[in-house]
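Counting from 1, the numbers follow the sequence of the chain as shown. Remember, it's 1-based here, ligands and their atoms both numbered in the order they're listed. Being a predicted model, the structure only gives us computed values, none of them experimental.
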Amino acid sequence: MIECRDIEFTYPGERFTLRIPEFCAKKGEAVALVGPSGCGKSTFLNLIAGNLIPSSGEIQVGEFRPAEMPVSDRQRYRLGNIGLVPQSFELLDYLTVRENIGLPYRIGKSYDEPAGLGERCQSLAGRAGIEELLDDFPDRLSQGERQRAALCRGLVTEPPLVLADEPTGNLDPENQDKSVELLLEEARRIEATVLMITHDPVLLPKFDRVVDMPELRKGAAS
Ligand code: ADP
Ligand code: MG
């Protein structure tokens, strides 16, 4: 599902360079990505999502090579294939939680709201424990509730690949467990590949594989 080779990326004008000799993940595999703060985990997720473009190397996700696509195709690739759960949630404050969760269907012009979107939002929100907040606006939610709304939004399109950047960082242990269970259970059901950044060792046994970013950069793991 994901195949990366000899990737190199540097932020414009910055010293930080991320080099990854090789990384592969199979369809349906759940991979946890760990490593100290600042080692490039979020950058790597953004490269796979096509939000950042490497200066060299190959990134292939399913049949797509995001780095080689025109911007408009890349946007379509992202919407059609990736459930993104960003570290900072990025919920829109002028939309309700329900509208935020359904947002991936509204952004792309070619994506019509499917029949059953209402039920799907309801069901995901119920499993994330935020069904009573669906008609509220995000600014009324706690950090943990916002994070769970972002998780539901990442899963709503049943994407083949879910990229989650520390989606449980602001949750208490019970809700953290619930959120990761929801993510992994839903991913198994739709046979999605999951790449999730986490700092929490308690969560690691739930994944098929744990990849350490410093080792990945050395080329010692894939
Ligand atoms: P992690 O997610 O592992 O904590 P990041 O991928 O966010 O690490 O960051 C890796 C390095 O890139 C850090 O040194 C960080 O300061 C730098 N960095 C992250 N985002 C940007 C950016 N938009 N512009 C310049 N430097 C950045
Ligand atoms: Mg990060």
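Ser42 lies close to the Mg ion (ligand 2), since one of its N, O or S atoms is found at a distance under 2.8 Å.
With no hydrogens or angles considered, a side-chain donor-acceptor pair links Asn51 and Arg78 at under 3.5 Å. In this model, a donor atom of one side chain and an acceptor atom of the other lie less than 3.5 Å apart for Ser42 and Asp165. Looking at Thr17 and Tyr11, their side chains never bring a donor and an acceptor atom within 3.5 Å of each other.
In terms of protein heavy-atom proximity, atom 24 (N) of ligand 1 is nearest to Tyr11 CD2, 3.5 Å. Counting protein heavy atoms only, atom 6 (O) of ligand 1 is closest to Thr43 OG1, 2.5 Å. Nearest protein neighbour of atom 8 (O) of ligand 1, counting heavy atoms only, is Gly40 N, 3.2 Å. For atom 1 (P) of ligand 1, the closest non-hydrogen atom on the protein side is Gly38 N, 3.5 Å. Looking only at protein heavy atoms, the nearest one to atom 7 (O) of ligand 1 is Ser42 CB, 3.7 Å.
For ligand 1, the polar-atom distance check finds no N/O of Phe16 at less than 3.5 Å from any of the ligand's N/O atoms.
Under 4.0 Å from ligand 1, the heavy atoms of Glu14 that appear belong solely to its side chain.
Put simply, the side chain of Gln87 never gets that close to the backbone of Phe89: no donor and acceptor are under 3.5 Å apart.
Distance remark: protein heavy atom present below 4.0 angstrom from atom 27 (C) of ligand 1. By the definition of a contact as any protein heavy atom under 4.0 Å away, atom 16 (O) of ligand 1 is not in contact.
Residue Leu163 comes nearest to Leu45 through the heavy atom pair CD1-O, 3.7 Å, listed as atom of the first residue, atom of the second, then distance.
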Derivation and outcome, ring-ring contact (aromatic ring centres under 6.0 Å, His included), residues Phe16 and Phe9: CA-CA 8 Å; Phe16 178 81; Phe9 173 81; 8.1 Å; no

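Put simply, the residue from Val211, Asp212, Asp200 that forms a side-chain contact (heavy atoms from CB on, under 4.5 Å) with Val34 is Asp212.
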